[in-house]
Amino acid sequence: MDARKSGKPAASRRQFLLDAARMTCGVGLLGVGVGLYATQAKALPPLALRPPGAIKEREFLGACVRCGLCVRDCPYNILSLAKPEEPVATGTPYFVARQVPCEMCEDIPCVKACPTGALDHALTDITKSKMGLAVLVDEENCLNFLGLRCEICYRICPLIDKAITLEQQLNARTGKHALFIPVVHSDACTGCGKCEAGCPLEVAAIKVYPIELAKGEPGKHYRLGWVEQQKAGHSLVAPDAQHQYNLPEGMRYESGKGLIPGGEAPPPGAPPAPPRALQGGQL
Amino acid sequence: MNAQRASRVIGAEAVAVKGWLRAHKWLLARRVSQLSILALFLLGPLAGIWIVKGNLSFSYTLDILPLTDPYLFLQVLLTRHLPETRAVIGAVIVLTFYLLIGGRVFCGWVCPVNMVTDAAAWLRQRFGIKGGAHVSRATRYWILALTLALALGTGTLAWELVNPVSMLHRSLIFGLGAAWVVILVIFLFDIFVMNDGWCGHLCPMGAFYGLLGKVSLVRVVAAKRADCNDCMDCFAVCPEPQVIRPALKSVGGAGPVIRAAGCTNCGRCIDICAKDVFTFGTRFNKQAEKVSAPAQKMAAACE
C-alpha cells in the first residue's frame with residue numbers, strides 16, 4: 001500500500017487522492033443535507049410553544065439535549081417531544097395551547113428538571129415567563145366584539161385584569177349597548193395559552209404566538225413626547241407663543257364660531273400692534 | 001470458500017468444546033445488558049415506576065445520578081452554550097465510566113441500534129449475502145468531525161435532528177412516531193448495501209466512543225495467542241475484524257492487547273474461540289505478555 005514500497009508511487013498516489021475525494025464528497029454531501037435541514041428546523045411553527053423559561057429559539061436548539069426531563073416532570077402532561085415527522089426540531093419539547101395550555105405551576109418543575117439550562121433556571125416566578133403572547137387575531141368573529149358577553153378569555157386568564165382587561169366601547173350597531181373588548185397587555189401576559197384553549201369558537205379568535213411574531217417594535221430613536229415630558233417634569237419645547245390672527249378689517253374671530261363681521265373687540269390679551277404680515281408693506 | 005463453509009459452521013467448534021452456554025455467555029450478557037437498560041428506561045412510562053427518567057442523551061436515576069452523553073455534551077459546548085452543573089457532572093461520570101470500561105462498550109452493551117444491526121448482520125450471514133458498497137471504516141471519523149463542525153457552524157445540535165441512535169432510544173420511550181422508518185432504513189442498509197454498514201463504517205457516535213476506547217482501561221486481550229489454530233472464527237464473527245490481527249498475530253511486534261478504537265468489547269471473539277485465546281483484561285496486561293512470549297519467539301524464528 002505504501003507508495004515507496006510498491007514501486008508505483010503514481011498509481012498509489014492516484015488511488016489515495018481518489019479515495020480522499022470520494023470520502024470528502026460523500027461526507028460533504030451528508031453535511032450539506034443535514035446543515036440545510038438544520039437551518040430549516042430553526043423555524044418553529046407559530047402554534048408550537050416552548051416550555052416556560054425557554055431561551056431564545058436559536059440558542060435553545062443548541063442547548064436542549066432532547067432528554068425529555070421537562071416532559072416527565074410536568075404534572076399535567078402538557079409537554080411532548082417532537083417526533084421526527086413533526087414540524088418541530090426532532091426531539092425538542094413543545095406544547096400546543098389550543099390542545100392543552102400551560103397550568104403555570106408556581107414551583108415550575110419543568111424548568112427545574114432541565115439539566116442544560118435550555119429552560120433558564122433564572123426563571124423562579126412563573127408570572128414572569130414569556131412562552132408567547134396572546135393576540136386577539138379575529139375581531140370579526142370574537143363574540144365580545146359582536147357585542148355578546150362571552151369574556152371566557154378574560155375570566156380564564158390566570159392573570160385576570162393584568163394580562164387581559166375588558167375595555168368598554170360604544171356598540172355602534174345598537175347605539176345603546178356597550179362592547180367589552182378584551183385587550184391583552186404584553187407586559188403581563190405569559191403566553192400560557194389558557195385563553196386560546198378556552199375560546200368557545202370553532203377556531204380560536206385569540207391565539208398565543210411567539211413574541212417575535214406577536215409584537216411590533218418602534219424605531220430605536222422613537223420617543224413619545226408625553227412620556228418624555230412626564231419624565232422631565234416640564235415641557236421639553238419652548239412655551240407656545242401667543243397666537244395671532246391676520247383678520248380682515250372689521251372682522252373678529254371666535255373659536256367655534258369662525259369669523260364674525262363688525263366685531264370691534266380684539267381677543268383679550270392680543271397685542272395692539274398691526275398684523276405682522278402688513279409690516280414692511282409685504283403681503 | 002464454499003467447501004470450507006460447508007465443512008464447518010462458524011462457532012461449531014467452540015460449542016462442541018465449551019458447550020452452548022459458555023460459547024454464548026458474553027452474547028447473552030450483552031443482550032441482558034441492552035434489554036435491561038432499555039427496560040429500566042421503559043419502566044417509568046409503561047409501569048409508572050420511575051427509577052430512571054430521560055433517555056440516553058441525558059438521564060436522571062433515582063433523582064440523584066445524572067448521566068450525560070459526552071458526545072452530545074461536546075456538541076452543546078460547540079454551540080457556545082454552557083450547560084447547568086448537573087449536565088456537566090453527568091458528562092464527567094459517563095466519560096470516566098467509558099474510559100475505564102472501554103469506549104465502544106456503549107455500542108456493544110448499551111446502544112439499542114446494536115440489536116438492529118446485529119440482527120441485520122445475522123441475517124446477512126444466514127442467507128449468505130455477500131458484497132455491497134465498499135467504504136472505508138475511517139468514514140465515521142470524518143462524519144464525527146462533520147457533526148462537530150455542524151454544531152459549531154449552525155449553533156444548533158444539527159446532528160440530533162437525524163441521529164438514528166438517540167432517535168430510536170428517545171422514540172421507544174417517548175413515542176415512536178416515524179423513527180421506525182429511519183431504523184428500518186439502517187436495518188435494510190446493513191443487510192443489502194453494506195456489511196456492518198452503520199455501526200462499523202458510518203456512526204459518528206461509535207467513532208466518538210471509539211476514540212475514548214483508544215485509551216480506555218478494559219480491553220480484550222489475546223492472552224493465549226500461542227494456542228491459536230487459525231480457524232478464523234473470531235474474524236468471521238467480529239464486527240470490526242481489522243482490530244484482531246495486530247494483537248493476535250503480533251503484527252509489528254504488537255502486544256496481545258487489542259488497542260484499536262473500533263473494538264466494542266463485545267466479547268464475541270472470547271465466546272467463539274474453542275481455544276480460549278481471548279479474555280477480558282486491562283490495557284497494561286503484563287501477564288498476557290509472558291504467556292504469549294513463546295508465540296513471539298516462534299514468529300521471530302519463522303521470519
Side-chain angles (χ1 to χ4, degrees), chain A residues 16 19-20 22-42 55-73 77 79-86 88-93 111-122, chain B residues 44-45 50 53-60 66 68-69 72-73 75-90 135-136 138-139 142-143 145-147 149-151 153-163 166-167 170-171 173-182 202:
Chain A
F16 172 78
D19 284 348
R22 195 174 296 147
M23 178 87 73
T24 315
C25 286
V27 175
L29 210 62
L30 179 73
V32 171
V34 176
L36 288 179
Y37 179 35
T39 315
Q40 286 201 341
K42 281 180 188 171
I55 56 179
K56 259 195 227 153
E57 181 63 14
R58 214 195 127 87
E59 289 150 28
F60 184 85
L61 291 176
C64 172
V65 292
R66 291 95 156 128
C67 67
L69 285 197
C70 53
V71 175
R72 291 298 179 227
D73 281 8
N77 286 326
L79 298 169
S80 56
L81 294 185
K83 297 186 174 113
E85 71 274 22
E86 287 168 351
V88 179
T90 307
T92 56
V111 172
K112 281 186 186 156
C114 179
T116 65
L119 306 181
D120 191 354
H121 288 215
Chain B
W50 293 102
K53 276 184 201 166
N55 54 40
L56 287 179
S57 302
F58 176 88
S59 65
Y60 207 36
T68 315
D69 172 16
L72 189 53
F73 185 81
Q75 290 175 71
V76 172
L77 290 183
L78 287 172
T79 69
R80 293 169 290 278
H81 176 85
L82 188 66
E84 297 282 328
T85 324
R86 201 188 294 164
V88 180
I89 294 171
V135 167
S136 163
T139 308
W142 291 97
I143 295 179
L146 174 88
T147 59
L150 279 173
T154 65
T156 70
L157 299 177
W159 184 249
E160 281 309 292
L161 294 173
V162 293
N163 184 359
S166 57
M167 196 185 284
R170 192 193 308 118
S171 60
I173 296 163
F174 287 90
L176 194 58
W180 67 272
V181 178
V182 179
L202 303 177

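Lettering of chains follows the sequences in order, A, B, ..., and the numbering in each one begins at 1.
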**Message:** Please rank B:Thr68, B:Asp69, B:Thr139, B:Leu77 by heavy-atom pairs under 4.5 Å with chain A and give me the top one.
**Reply:** B:Thr139

**Prompt:** Taking only residues two or more places apart in sequence, or in another chain, which ones meet A:Thr92 in a side-chain hydrogen bond (donor to acceptor under 3.5 Å, both in side chains)?
**Reply:** A:Arg50

**Prompt:** Is it the side chain or the backbone of A:Leu30 that comes within 4.5 Å of chain B heavy atoms, both, or neither?
**Reply:** both

**Prompt:** Is there side-chain contact between A:Leu119 and A:Phe60, with at least one heavy-atom pair below 4.5 Å?
**Reply:** yes

**Request:** Select one option (side chain, backbone, both, neither) describing which atoms of A:Asp19 are under 4.5 Å from chain B's heavy atoms.
**Result:** neither

**chain B contact via A:Arg58 - which portion, at a heavy-atom distance below 4.5 Å** = both

**Request:** Go through B:Pro45, B:Ala151, B:Gly44 and name the one with the most non-hydrogen pairs under 4.5 angstrom from chain A.
**Result:** B:Pro45

**Request:** Let me know if B:Thr79 has heavy atoms under 4.5 Å from chain A in its side chain, its backbone, both or neither.
**Result:** side chain

**Interface moiety of B:Ile143 toward chain A, non-hydrogen atoms closer than 4.5 Å** = both

**Asked** Where on A:Ala41 is there a heavy atom nearer than 4.5 Å to chain B: the side chain, the backbone, both, or neither?
**Response** side chain

**Request:** Check each atom of B:Ala179 against the heavy atoms of chain A and say whether the ones under 4.5 Å are side chain, backbone, both or neither.
**Result:** both

**chain A contact via B:Ile173 - which portion, at a heavy-atom distance below 4.5 Å** = both

**Prompt:** Is chain B contacted by the side chain of A:Cys70, its backbone, both, or neither, given a heavy-atom distance below 4.5 Å?
**Reply:** neither

**Asked** Given a strict heavy-atom distance threshold of 4.5 Å, which part of B:Leu161 is in contact with chain A: side chain, backbone, both, or neither?
**Response** both

